[in-house]
Amino acid sequence: MSRTPLISGNWKMHLNHLEAIQLCQKLSYELARHRYDQVEVSLHPPFVDLRSCQTVIDVDRLEFKLGAQNCHDQNQGAFTGEVSPTMLAKLDVTYVIVGHSERRALFGETDEIVAAKAAAVAKQGMTPIVCVGETLEDREAGRATNVVTTQLRGSLAKLTRAQFETLVVAYEPVWAIGTGRNASPVDAQDMCARARRVIDEIRPGTGSLVRVQYGGSVKPVNAPELLGQTDIDGALVGGASLDATQFARIVNAAR
Ligand code: 13P
C-alpha cells in the first residue's frame with residue numbers, strides 16, 4: 001500500500017503575516033532545488049497569516065498545501081475569538097491540526113472536543129491531522145500504548161468510514177516536543193504501527209490507508225531514519241519548520 005508522505009510545518013505562534021510570506025517564498029526557493037513530487041508539504045501558519053500565505057501560494061503557484069493549527073467545531077455563532085471550519089475552507093485550507101498536545105494541555109481540549117473538531121473539519125471537505133501522544137510520566141509508568149489507544153478511540157469517534165480513508169494521524173510524544181529529544185526510530189515505528197492497528201480496529205480496512213506522521217524534535221539529522229520506518233508516513237515539524245533550509249532538508253529526506 002503506497003501512502004504519499006506528508007511533511008507538515010506547524011509554525012505555532014510564530015511569524016507575523018509579512019514574515020510568513022517571506023518564509024513561504026524562501027521555502028519554495030529551497031525546494032525548487034529538489035524534486036518533491038513524491039511528497040506532500042503542508043504549511044500551518046497562525047490564523048492571521050492564512051490569507052497572506054494563501055495569496056502567495058496561489059499567485060506564485062507554489063506546491064504547498066495550506067493548513068491551520070486549530071479551529072472551532074461550529075461553523076458560526078457567539079464564540080468570541082474562535083475561527084470556524086467554513087472560514088478555513090474558504091481560504092483553501094486543506095489540512096487542519098486538531099488535538100495538538102499544546103491544545104490538550106494548555107487549553108483543556110478533551111478527546112470529546114477533539115472528536116467534534118475533527119468531524120467538523122472533515123465535514124467541510126478538509127482533512128484533520130489528529131494528534132495523539134503520551135507524556136513522559138505516562139511512558140515511564142508503562143502506559144504510553146494505553147494512553148495513545150484511548151486518545152485515538154476518543155478523538156476519532158465521530159468520523160465516518162469515508163472520512164477515515166483520507167485521515168492523517170500524528171503521533172507526537174509530549175516529551176519529544178520542543179525538547180531536542182526525539183523518540184528513537186524503533187519506538188516511533190512501534191507506536192505508529194500500533195496506532196495503525198487501532199485505526200483498523202475502529203474502522204476495519206482503513207488501517208493501511210491512513211497516514212500516520214511522527215512529530216517531536218524532527219530535524220534534518222534524524223529525519224531520514226525516522227521517515228524510513230515502514231509505518232511512519234511523514235512528519236509534523238515544529239521548530240525546524242521555521243527555518244527554510246532545515247525544513248527543505250526534512251522534505252527531501254521523505255522522498
Ligand atoms: P518540535 O518539532 O519543535 O519538537 O515540535 C513538534 C510539534 O509540536 C509539531 O506539532
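Each ligand, and each atom within it, is numbered from 1 in the order the structure gives. Everything numeric here is computed off the predicted structure, so don't read it as measured data.
Atoms of ligand 1 found under 4.0 Å from any heavy atom of Gly239 (numbered from 1 in listed order, with element): 1 (P), 2 (O), 3 (O). Short contacts between ligand 1 and Glu172, defined as distances under 4.0 Å to a heavy atom of the residue, involve ligand atoms 6 (C), 7 (C), 8 (O), 9 (C), 10 (O). The ligand atoms of ligand 1 that sit less than 4.0 angstrom from a heavy atom of Asn10 are 9 (C), 10 (O). Near Ala176, with a cut-off below 4.0 Å to any heavy atom, the atoms of ligand 1 are 4 (O).
Checking only distances, Leu236 never comes within under 3.5 Å of ligand 1, N or O to N or O. In terms of polar-atom proximity, Gly238 is counted as a contact of ligand 1, with an N or O under 3.5 Å from an N or O of the ligand. Considering backbone and side-chain atoms alike, Lys219 places every N or O at 3.5 Å or more from each N or O of ligand 1.
Residue Gly215 places every heavy atom at 4.0 Å or more from ligand 1. Heavy atoms of Gly178 come nearer than 4.0 angstrom to ligand 1 in at least one pair.
A salt bridge links Asp111 with Arg104; the closest basic N to acidic carboxylate O contact falls under 4.0 Å. Between Asp73 and Lys158, none of the side-chain N atoms (NZ, or NE/NH1/NH2) sits under 4.0 Å from a carboxylate O, so this pair counts as no salt bridge.
In this structure, a donor-acceptor pair under 3.5 Å is absent between the side chains of Glu137 and Trp175. Inspection of the Arg255 and Asn252 side chains reveals an N or O donor paired with an N or O acceptor under 3.5 Å. Side chains of Ser52 and Asp49: no donor on one and acceptor on the other come within 3.5 Å. A side-chain donor-acceptor contact under 3.5 Å links Glu172 and His100.
The side-chain contact (heavy atoms from CB on, under 4.5 Å) with Leu6 is formed by just one residue from the set Leu236, Asp233, Ile129; it is Ile129.
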